K.L.:
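A single structure is presented below for examination.
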Amino acid sequence: MKKLMAANWKMFKTWDEARATAQELVDLAAAKLPGDREVLVFPQFTALKGVADVFQGIDGFSVGGQDYYIKEEGAYTGEISPKMLESVGAVYGLTGHSERRHVLGEDDEYIGAKTSYGLESGLKVVFCIGEKIEDRKAGRVEEVLEHQIRVGLKNVPINIDPENLSIAYEPVWAIGTGEVAGPEEILEAHAFTRKILISIFGEKANEMRVLYGGSVKPANCAEIIALDNVDGVLVGGASLEGESFSQIVLA
Ligand code: PGA
């Protein structure tokens, strides 16, 4: 199983800026990329085609859409479909990100509908979960993660190709705060996530990637990526510069 080194560019970068960062990343990392690593960038929709073009023909580099709606087309002003993302080169889609849950108000049911619809539409999906600090303080981490996983994946067919579904554990309190989760916290959450995935999908859940996200930086990536059940990272802030994300990708 290849480790998935993913960048979430959120609402940053114009067309030119995104292409320049993507090119810098290719220049710094493509030739040295180990065979067991895969690089994925989630740019803004407006830059998706530009970044996909920069990655064209480069082994192990792909792009994904940060969001999509649960219909192929129709009168849904402002929305975008998996097919439209695929038509400009997206291979992946992102669901359940903390900002979509807690800033933009998406609930578990809608995130679940998006996750299954994206997979059905041919995207590989990175589905995010994670507890808030008050959940952790109240000892509710497992309860929150289990609920998010079970509702979020309830419509995903059991016979899914495990390569097409990755789960990103991103504790909300670690996102954009500089406060990375400790090794014990990551190990526990990832082992628990794997256990729930196995209870749903059986042994093939061992082939699903479980990523960690939340204040991953060049200085902490090597330690995180070496932990049991950590099959990649999802990086926000430190992915915005080609130099820093290339160090993460190669860590
Ligand atoms: P961060 O963001 O790396 O800036 O903490 C992670 C994410 O939002 O996926």
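Nothing here was measured: the structure is a model prediction, and the numbers come from that model. Order of listing sets the numbers, starting from 1, for every ligand and every atom in it.
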K.L.:
Are any of the side-chain nitrogens in Asp231 or Arg194 under 4.0 Å away from the carboxylate oxygens of its partner?
P.N.:
yes

K.L.:
Report yes if the side chains of Ile149 and Thr193 come closer than 4.5 Å at any heavy-atom pair, otherwise no.
P.N.:
yes

K.L.:
Using the salt bridge (Lys or Arg N to Asp or Glu O under 4.0 Å) rule, pick out the option among Lys114, Arg101, Lys10 that qualifies with Asp67.
P.N.:
Lys114

K.L.:
Near ligand 1, which protein residues have a heavy atom under 4.0 Å away?
P.N.:
Asn8, Lys10, His97, Glu170, Ala174, Ile175, Gly176, Gly214, Ser215, Leu234, Val235, Gly236, Gly237

K.L.:
Which pair of heavy atoms, one from Glu223 and one from Pro183, lies closest together, and at what distance?
P.N.:
OE2-CG, 3.6 Å

K.L.:
Determine, for Arg136 against Glu185, whether the closest basic-nitrogen to carboxylate-oxygen distance falls under 4.0 angstrom.
P.N.:
yes

K.L.:
Would you check if the side chain of Lys13 reaches a backbone N or O of Thr21 as a donor-acceptor pair within less than 3.5 Å?
P.N.:
no

